[in-house]
Structures are given as structure tokens and as C-alpha cells.
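Only a predicted model underlies this, so the values are computations on that prediction, with no experimental measurement involved. Start at 1 and go down the list; that is how both ligands and their atoms are numbered. All heavy atoms count here, side chains included; hydrogens, waters and symmetry mates do not.
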Amino acid sequence: MRQRILDQLPSDHPWRERIQVHEVLDSTNSYAKELARQGAAEGTVVIAGHQTAGRGRLGRSFHSPKNTGLYFSLILRPDCPADQLMHLTCAAAVAACDAVERACGLRPGIKWINDLTLGGKKLGGILTELSFGNNGNVAYAVIGIGINCHPETLPEELQGLACSLSDFTDPVDIARLASELLLALEEMNRQLLTDRVNIMERYRQNCVTLGRQVRVISPQGTETGIAQQVNDDGSLRVLFEKGQQKDVNSGEVSVRGLWDYI
Ligand code: BTN
């Protein structure tokens with residue numbers, strides 16, 4: 001797999017020598033975080049054939065069976081305060097859409113804030129984790145991306161909710177998808193701190209949540225409203241049924257369609 005990824009990457013790609021491929025890991029994000037703690041350089045990439053404890057946002061698990069998906073984590077070291085990186089998950093989502101489109105001609109949608117979708121179902125997701133240094137700046141960021149590529153037997157709770165690229169197109173070469181992701185993320189990383197407005201505009205164009213009736217689910221309960229806008233910090237502006245408008249934050253809530261997943 002590693003060699004097939006390298007064969008499809010330009011010879012001057014700055015992260016070429018930092019790609020690790022493992023047959024199995026508990027979670028590529030957990031492993032990448034450990035490497036980052038030990039000082040691994042920006043551009044270190046960890047890929048696994050499967051994960052035994054793949055993780056998602058808000059403490060959820062990410063189903064990661066053998067050789068059916070791309071399980072990918074990238075270490076970045078943007079030396080800036082966290083408030084300049086509120087759009088990181090959004091930026092990674094746009095890069096992931098670009099990579100899927102280049103690898104197989106299909107452009108996924110983005111369900112706020114971090115899910116990739118196709119045909120109204122979940123194709124994959126993004127888990128971004130930050131660590132801070134003593135000066136308060138970000139010491140490292142790990143961007144984890146999982147994309148379902150081939151069909152599999154889904155656990156009961158995912159049936160009807162999840163899909164894979166092969167449901168929509170010819171069998172996908174996971175190595176090709178990984179190399180497109182490396183290209184798209186490297187491009188994103190160069191624009192990350194200078195081009196936030198443009199990145200967020202592209203996010204909005206891909207966001208399938210906007211304009212929809214949604215259920216906003218938080219530890220305090222569930223409220224219904226209309227998703228009106230994604231702000232530049234990635235928060236979602238919702239007009240609730242009782243008339244009040246509120247910006248909801250991805251660290252606290254999840255959003256579902258009124259009847260369906262989106
Ligand atoms: C979500 O659905 O909330 C996000 C899912 C993110 C899954 C990816 S798979 C690679 C990386 N390693 C993990 O443990 N999680 C991310």
C-alpha cells in the first residue's frame with residue numbers, strides 16, 4: 001500500500017518520506033497523537049488497514065473494518081493560537097471532498113460539521129484533535145479522516161445510515177484515494193491561515209445541512225430549527241422554532257435532519 005501511494009504522489013511532495021502504513025491500529029488518530037507527543041514532524045501521516053477502536057466526534061466510535069475503507073491521520077504543526085484554527089475541521093472536510101472527487105469523479109456533500117455524505121447517507125467523517133504548548137499556541141493538530149470505500153456488513157445501528165463509494169461507482173483504489181488526500185491536504189495546509197474566507201466559502205458550497213430543518217441534539221435536550229448559516233468559526237446558526245436564533249458549536253451538539261440522517 002505504501003509503495004502504491006508513493007507511486008502516485010509527485011516526487012517533490014513534502015510529506016512523501018513521512019507516510020506510515022500499518023495493517024492494524026486501535027486508532028490512527030491515537031497513534032498519530034502519540035507520535036506528535038514524541039516530536040514527529042508536520043506532515044507525518046498514519047494509515048491503517050483497519051482500526052479496532054476508531055473514534056469519531058463527541059466520543060462516538062467509527063466502524064473501521066478490514067480493507068474496506070481509508071483510515072488516515074495527519075499531523076500538522078500550525079504555530080498559532082487555537083482561535084485562528086476554528087475552521088480546521090471545515091478546511092479538512094473541503095480537502096477530503098476534493099480528494100474523493102479527483103479519485104473517483106464523485107463529489108460528496110458535507111453534513112455539518114464533519115461528516116462526508118453521498119446519496120443522503122454517511123460516507124465518512126473527520127475527527128480533528130488539538131494539543132497546546134506552554135505559550136497557549138497549538139503544539140500540534142491531528143486531522144483524522146475515515147472514508148468508507150467498499151461495501152461491508154454494517155452493524156445494526158449504521159444500517160440505512162452509512163454508505164460506501166462502491167455503492168455509487170466502480171471499485172475504488174484506496175491507495176489512489178490516499179494520494180489524492182495527501183495532495184489536497186498539503187494544498188489546504190498552505191492556505192489554512194491566509195485564506196480562511198475562501199476556505200469557508202467552499203465549505204458552505206458543499207454543506208448539505210444549510211437551509212434544512214434540523215434537530216439540534218445536546219446534553220440539555222433536542223430542539224428543532226432551520227440551519228441558516230455556517231459562520232467563519234465553523235459554528236452553525238440555527239433559527240429555532242420558538243423564534244430565537246443561536247450559533248451552535250460543534251463541541252457541544254450534533255445535528256440531524258428532521259426525518260432522515262441529513
Ligand atoms: C466522526 O464520524 O465523527 C468522525 C470519524 C473520524 C474517523 C477517522 S478514521 C481515521 C481517524 N482515526 C480515528 O480513530 N478516527 C479518525
*Would S30 and R55 count as having a side-chain donor-acceptor pair, cut-off 3.5 Å?*
yes
*For atom 5 (C) of ligand 1, the protein heavy atom that lies nearest, with its residue and separation*: F62 CD1, 3.5 Å
*For ligand 1, which atoms sit closer than 4.0 Å to a heavy atom of S73?*
11 (C)
*Which of the atoms in ligand 1, numbered in the order shown and given with their element, are less than 4.0 Å from a heavy-atom of T28?*
10 (C), 11 (C), 12 (N)
*asked:* Suppose I only count heavy atoms of K122 and a 4.0 Å limit; which atoms of ligand 1 are within that range?
replied: 1 (C), 2 (O)
*May I ask you to check whether Q20 and T44 show a side-chain donor-acceptor distance below 3.5 Å?*
no
*Return yes if a side-chain donor-acceptor contact under 3.5 Å exists between S254 and R60, otherwise no.*
yes
*What atoms of ligand 1 come closer than 4.0 angstrom to any heavy atom of F72?*
10 (C)
*Determine whether I199 and V208 fall in the same hydrophobic cluster, where Ile, Leu, Val, Met, Phe, Trp and Tyr are linked whenever their side-chain heavy atoms lie under 4.5 Å apart.*
no
*Output the list of atoms in ligand 1 that are nearer than 4.0 Å to some heavy atom of G54, sorted by atom number.*
14 (O)
*Among all protein non-hydrogen atoms, which one is nearest to atom 3 (O) of ligand 1, and what is the separation to 0.1 Å?*
R57 N, 2.7 Å
*How about S73 and N29: does a side-chain donor come under 3.5 Å of a side-chain acceptor?*
yes
*Under 3.5 Å, is there a donor-acceptor pair linking the side chains of S166 and H150?*
yes
*Give the numbers and elements of all ligand 1 atoms closer than 4.0 Å to a heavy atom of G56.*
1 (C), 3 (O), 4 (C), 5 (C)
*Of the backbone atoms (N, CA, C, O) and the side-chain heavy atoms from C-beta on, which set of I145 has a member under 4.0 Å from an atom of ligand 1: side chain, backbone, both, or neither?*
backbone
*Are the side chain of R176 and the backbone N or O of I5 linked by a donor-acceptor pair below 3.5 Å?*
no
*Do E42 and N189 have side-chain N/O donor and acceptor atoms under 3.5 Å apart?*
yes
_Electrostatic pair D173-R4, nearest N-O below 4.0 angstrom_ = yes
*asked:* At less than 4.0 angstrom from any non-hydrogen atom of N114, what atoms of ligand 1 do you find?
replied: 1 (C), 3 (O), 4 (C)
*asked:* Could you check whether any heavy atom of Q51 sits closer than 4.0 Å to an atom of ligand 1, since that is the contact criterion I want to use?
replied: yes
*Run the numbers for me: atoms of ligand 1, each under 4.0 Å from some heavy atom of R55, listed by number.*
5 (C), 6 (C), 7 (C), 13 (C), 14 (O), 15 (N), 16 (C)
*To which protein heavy atom is atom 8 (C) of ligand 1 closest, and what is the distance rounded to 0.1 Å?*
G146 N, 3.6 Å
